[in-house]
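Numbered from 1 within each chain, the chains take letters A, B, ... in sequence-line order.
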Protein chains: 2
Amino acid sequence: MTSSQTAGTAPRSALTRARVLESAVVLADRDGLGALTMRSLARELGIEAMSLYHHVANKEDLLDGVVDVVAAEIQDAVGRLDTQADDAPKSAWKPAMRRQILTSRAVLLRHPWASTVLESRTSFSLHIVRYFDSLIGLMRRGGFSYDLVHHALHALGSRALGFSQELFEPDGAAAGSAAGGGAEEGADDAATAMLMQMAEQVPHMIEMLAEISHEGPESTLGWCDDQTEFEFGLDIILDGLDRLAEREQH
Amino acid sequence: MTSSQTAGTAPRSALTRARVLESAVVLADRDGLGALTMRSLARELGIEAMSLYHHVANKEDLLDGVVDVVAAEIQDAVGRLDTQADDAPKSAWKPAMRRQILTSRAVLLRHPWASTVLESRTSFSLHIVRYFDSLIGLMRRGGFSYDLVHHALHALGSRALGFSQELFEPDGAAAGSAAGGGAEEGADDAATAMLMQMAEQVPHMIEMLAEISHEGPESTLGWCDDQTEFEFGLDIILDGLDRLAEREQH
DNA sequence: ACCTGAACACCGTTCAAGT
DNA sequence: ACCTGAACACCGTTCAAGT
């Protein structure tokens, strides 16, 4: 109750960089990336906007920090896996890598705005680099040359962290300020209606939609299971890398 | 010279949606996406900012339109390929798809900001849908079931249009307002210096960098050939799809 | 050392007014 | 019908001032 500091606990009013970043993550999780402004973050903390500049250099630095918080979460979750055993057989690299990537994905799914911010960074967090280092380690123990490891990282791209660019996804998770969930089916309907109108221009697309969607007309564009599709694409790449690694070893 | 309209040519002052969008593309190509504001676009056209709202509904609509211009360029370039022959052998789908995707990529490389805008759209251009329809047609003629076609589109993701998310790319092509090219090597140096400092924390990363970069110390992070790496990842996916398609046909 | 308020230079956009 | 200028509600950020 008193404003003075009790032994062992920091004063509740002590604003630190860590507390600023934590608040920013909470705000982005709740209201979306568009709602994360210096002014709204300050309001969240019960503070004036300009006070933030004592703990972050500017907004870019804030976003760097906010990525670092999520990256720490990823590394923490991945570190709890037992994927880094040194005595594992060579073939262990594939399931281990798969688990690390899907674990990172699970963290990113809790912070839907994070992948957008991650992409926009030019510098990268130590936690992210260490995550990649562990992937490299797995591939090395799997017998990959560094050349193949390098190609593999490019081939995976953002999939190495557990996300991928979906071009036809009307869920609008990351971008924008409108966080309402009710518009989702409306967007699907509008997209479907648009496709119907251009039916003769895109015959294969229409036929595919008709054949794929079996559970009623309202699920024409919403049928995709993101997790299944992610794993499908991931496994194609992992299998391809597996074949190349085996070829390297004559 | 006169302000009156000569037969057959539109008056020079006639501002149309098409001219607005063309100007927006030119501006983004030249100064980057960050420089594309309603006010700067108006200045480019020698007009007042508010006049733009007679030809585009708002900024979102402007971005929709600007994507459509690039999408038309893609469809035009792809249409000039002879990849849609109906009498081609089944195995033709793979080289045909490869050519279409690399052709789309070539267009997008001329508009480095376009992939970012493309990603951010919730609705999609007719030209883009028709581009995808032609990819679907190729796979169908290659013997794919619609189910496999659907998985294939997810597996390719943005690669279907010729770009991919590169997480460790310090070239900053798409984002930001700083279009200067001189800072590139500086960013590489800074990144390398940072990695050296954390050498014992990321041993595999350091070793990979040492082994991969043979042409001098200044090319530590700049050695990647984007085109080569894109094709490497693309071919892994196409080969994987090929195997799955063959398996489908018993 | 840390926090504040006013102010500046930008955004996208609304509105009432011009021709 | 098309274009305009002033104005509004936002941004990120600078600066001089408070404690």
Cation-pi check, Arg105(B) onto Phe163(B) ring (under 6.0 Å, within 45° of axis):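 No; the conditions do not both hold, so Arg105(B) does not lie above the ring face of Phe163(B).
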Measure [atom1]/[X] against [atom2]/[N] and give the value in whole Å, please.
X: Lys59(A); N: dC11(D); atom1: NZ; atom2: C1'; result: 8 Å
X: His55(A); N: dT4(C); atom1: NE2; atom2: P; result: 11 Å
X: Ile47(A); N: dT19(D); atom1: CD1; atom2: P; result: 17 Å
X: Asp61(A); N: dG12(D); atom1: CG; atom2: C1'; result: 14 Å
X: Leu36(B); N: dC10(C); atom1: CG; atom2: C1'; result: 15 Å
X: Glu48(A); N: dA6(C); atom1: CD; atom2: P; result: 9 Å
X: Leu52(B); N: dC11(C); atom1: CG; atom2: C1'; result: 14 Å
X: Leu62(B); N: dT13(C); atom1: CG; atom2: C1'; result: 14 Å

If you go through the side-chain atoms of His54(A), does one of them form a donor-acceptor pair with the base of dC3(C) closer than 3.5 Å?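 Between dC3(C) and His54(A), which were checked side chain against base, a qualifying N/O pair under 3.5 Å is present.
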What nucleotide among [options] has an atom nearest to a side-chain atom of [X]?
X: Arg39(B); options: dT14(D), dA7(C), dG12(C); result: dG12(C)
X: Met38(A); options: dG12(D), dT4(D), dC3(C); result: dG12(D)
X: Ser51(A); options: dT4(D), dA6(C), dC3(C); result: dC3(C)

Between Thr37(B) and Gly46(A), which is nearer to the 5' end of DNA chain C once each is assigned its nearest nucleotide?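 The residue mapped nearer the 5' terminus is Gly46(A).
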Identity of whatever pairs with dT4(D) - Watson-Crick or G-U, under 3.5 angstrom: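 With both distances under 3.5 Å, dT4(D) matches dA16(C).
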Using salt bridge (Lys or Arg N to Asp or Glu O under 4.0 Å), reason through Glu44(B) and Arg30(B) one step at a time and then give a plain yes or no. CA-CA 12 Å; Glu44(B) 184 85 3; Arg30(B) 195 186 61 215; 3.0 Å; yes
Between Arg17(B) and Glu22(B), is a salt bridge (Lys or Arg N to Asp or Glu O under 4.0 Å) present by the stated rule, with each step listed? CA-CA 9 Å; Arg17(B) 180 179 168 94; Glu22(B) 282 296 341; over 6 Å; no
Please determine which of Leu45(A), Leu36(A), Leu15(A) meets the side-chain contact (heavy atoms from CB on, under 4.5 Å) test together with Ser23(A).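 Filter result, single survivor: Leu45(A).
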Does Glu48(B) come within less than 4.0 Å of Arg39(B), counting only side-chain N to carboxylate O?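 No.
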Does Tyr53(B) make a side-chain N or O approach to OP1 or OP2 of dT14(C) shorter than 4.0 Å?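 Looking at the OP1 and OP2 atoms of dT14(C), neither is under 4.0 Å from any side-chain N or O of Tyr53(B).
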